[in-house]
Amino acid sequence: MAPRKTASVSSRKAAAKPAKKDFTGGTIAEFSKDDELKAYREMLLIRRFEEKAGQLYGMGFIGGFCHLYIGQEAVVVGMQLALKEGDQVITGYRDHGHMLACGMSARGVMAELTGRRGGLSKGKGGSMHMFSKEKHFYGGHGIVGAQVSLGTGLAFANRYRGNDNVSLAYFGDGAANQGQVYESFNMAALWKLPVIYIVENNRYAMGTSVSRASAQTDFSQRGASFGIPGYQVDGMDVRAVKAAADEAVEYCRCGKGPIILEMLTYRYRGHSMSDPAKYRSKDEVQKMRSEHDPIEQVKARMVEKGWASEDELKQIDKEVRDIVADSADFAQSDPEPDVSELYTDILL
Ligand SMILES: Cc1ncc(C[n+]2csc(CCOP(=O)(O)OP(=O)(O)O)c2C)c(N)n1
Ligand SMILES: [Mg+2]
């Protein structure tokens, strides 16, 4: 068996200049003050949005499924920082963070959660099914693993059209065990499709830990038999994600084919809104929160470097909370779709 690779993509270039290492041994991007502030604001928006969504769910405003992304914010925010206009994103049902990172409006996402007219799917898709052609976001999918095939199809379309866009297909550690993932890997490698497969390894698929369900727990190696390179990345550090994203995007954009990034991350909340949480201890969750929280890491760095005072950070938090509060007000006051809309935009 090939030796386990634990370096991030960027470590391949690390020979010339010793770079700072994250806990996987990969390099981390140097962030300027503006980079840190941007990452902080965007991750905080996702965190506060999800906290509010959890509250609205508890109050009965959101029906059906709702999967929160709290804890995993650095993954989408770091990846998004490496994209250019036209690159596409597709993911599963834990999708609110991806949509906000793609620039879709907080109002549109929240109103979709509450099933209102102003929601991104006009109130008929719900938490797991939202799309934005304008922001190149292709969902939002409830069928575990299906987005991997669709994301491969997006890459095929880019190749066919001869543009240089890259598609990002996000999926979980559980989804990584689906058969269609490997059919996709085969085609993507065969045709050198520009797709980045991002495995968000948050250690659990519903209540099943990775070690109970996976024979090969190093997901970065899942493309080995197709010759797809893969790297593990500290998915709790937005700078490590950005460094890996930059190199993966460059690799795909210049026609070398698909690449896998395994993001080592963690979800703080339950799988969905009802989760007895018997499969892990409170200490485990608390340890991740206190030692690896992606937002606290940025905050601590900025304060230490004197790039932002506690007051300035509080002001950012206030601005973010205002956006979220506005989205929640809208999501409660916007009307539900008219009954006459029941069959519009629906495939029968
Ligand atoms: C094809 C299919 N099988 C099973 C399910 C039920 N299901 C929903 S989420 C989930 C776990 C997926 O876990 P993972 O891929 O690790 O994603 P995470 O929830 O951790 O983000 C399962 C089995 C489904 N929705 N679709
Ligand atoms: Mg998982």
Side-chain angles (χ1 to χ4, degrees), residues 46-47 49-50 53-54 57 63-79 89-101 109 113 125-130 137 139-152 168-185 196-223 230 232-236 241 260-280 284-285 288-289 292 294:
I46 297 173
R47 175 80 49 103
F49 182 96
E50 293 292 61
Y57 194 96
F65 287 106
C66 182
H67 309 85
L68 303 180
Y69 195 64
I70 296 178
Q72 301 181 214
E73 297 91 346
V75 178
V76 273
V77 169
M79 288 303 304
V89 171
I90 190 165
T91 187
Y93 45 82
R94 200 176 298 286
D95 55 356
H96 311 161
H98 301 70
M99 294 186 282
L100 294 172
V109 181
L113 297 184
S127 164
M128 304 193 288
H129 304 111
M130 280 179 253
F137 180 77
H141 295 271
I143 306 296
V144 167
Q147 75 274 21
V148 180
S149 312
L150 296 171
T152 307
L168 270 56
Y170 290 89
F171 54 107
D173 45 278
N177 291 331
Q178 284 283 11
Q180 63 179 306
V181 170
Y182 299 92
E183 296 181 41
S184 300
F185 282 1
I196 305 178
Y197 294 113
I198 302 152
V199 187
E200 294 200 61
N201 178 1
N202 60 11
R203 303 197 195 173
Y204 299 96
M206 300 182 86
T208 307
S209 69
V210 161
S211 57
R212 283 186 63 207
S214 294
Q216 166 58 286
T217 57
D218 181 344
F219 295 96
S220 70
Q221 294 305 294
R222 290 291 184 96
Q232 286 187 319
V233 181
D234 177 358
M236 303 300 278
V241 176
I260 296 171
L261 296 179
E262 177 189 356
M263 297 293 169
L264 300 170
T265 183
Y266 199 76
R267 77 166 149 71
Y268 296 171
R269 296 291 185 93
H271 165 73
S272 184
M273 299 311 287
S274 57
D275 180 341
K278 297 229 166 90
Y279 51 89
R280 62 181 181 183
E284 180 186 300
V285 182
M288 281 306 284
R289 288 194 89 125
H292 296 288

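Read the numbers this way: they start at 1 and go in the same order the structure lists the ligands and their atoms.
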Legend entry - Check: H67/R267 side-chain N/O donor and acceptor closer than 3.5 Å: no

Inset, instruction - Could you tell me whether Y93 and F65 have their ring centroids closer than 6.0 angstrom? - result: no

Inset, instruction - Could you tell me whether ligand 1 has any atom less than 4.0 Å away from a heavy atom of Y93? - result: yes

Inset, instruction - Kindly state whether the ring of Y266 and the ring of H292 have centres lying under 6.0 angstrom apart. - result: no

Legend entry - atom 4 (C) of ligand 1: the protein heavy-atom neighbour that sits closest, reported with distance to 0.1 Å: V144 CG2, 4.4 Å

Inset, instruction - Could you check atom 21 (O) of ligand 1 against the protein and tell me its nearest heavy-atom contact, residue, atom and distance included? - result: R94 NE, 2.9 Å

Inset, instruction - Taking the Mg ion (ligand 2) as the vertex, measure the angle between atom OD1 in N202 and atom OD1 in D173; round to 10°. - result: 80°

Legend entry - Per-atom contacts of ligand 1 with H271, taking only distances under 4.0 Å to non-hydrogen atoms: 9 (S), 19 (O)

Inset, instruction - Decide yes or no for L264 and D234: does some side-chain heavy atom of the first lie under 4.5 Å from some side-chain heavy atom of the second? - result: no

Legend entry - Check: E262 side chain, V199 main-chain N or O, donor-acceptor pair, under 3.5 Å: no

Inset, instruction - Indicate yes or no: at least one non-hydrogen side-chain atom of Q147 is less than 4.5 angstrom from one of Y170. - result: no

Legend entry - Minimum side-chain heavy-atom gap S220-V233 below 4.5 Å: no

Inset, instruction - Look at atom 11 (C) of ligand 1 and say which protein heavy atom is nearest, naming residue and atom and giving the distance to 0.1 Å. - result: M206 CG, 3.5 Å

Inset, instruction - Among all protein heavy atoms, pick the one closest to atom 14 (P) of ligand 1 and tell me residue, atom and distance. - result: G174 N, 3.5 Å

Inset, instruction - May I ask you to check whether N201 brings an N, O or S atom to under 2.8 Å from the Mg ion (ligand 2)? - result: no

Inset, instruction - Heavy-atom contacts with N202 under 4.0 Å: which atoms of ligand 1 show up? List them by number with element. - result: 18 (P), 20 (O), 21 (O)

Inset, instruction - Could you check atom 25 (N) of ligand 1 against the protein and tell me its nearest heavy-atom contact, residue, atom and distance included? - result: G142 O, 2.9 Å

Inset, instruction - May I ask you to check whether Y197 and T152 show a side-chain donor-acceptor distance below 3.5 Å? - result: yes

Inset, instruction - Side-chain contact test, heavy atoms from C-beta onward, threshold under 4.5 Å: evaluate it for P294 versus Q72 and give yes or no. - result: no

Inset, instruction - Could you establish whether E200 and ligand 1 come within less than 4.0 Å of each other, counting only heavy atoms on the residue side? - result: no

Inset, instruction - Report the nearest protein non-hydrogen atom to atom 15 (O) of ligand 1: residue, atom name, distance rounded to 0.1 Å. - result: A175 N, 2.8 Å

Legend entry - Element-labelled atoms of ligand 1 that are located less than 4.0 Å from some non-hydrogen atom of G172: 14 (P), 15 (O), 16 (O), 17 (O)

Legend entry - Residue, atom name and distance, where the atom is the protein heavy atom closest to atom 3 (N) of ligand 1: Q178 NE2, 4.0 Å

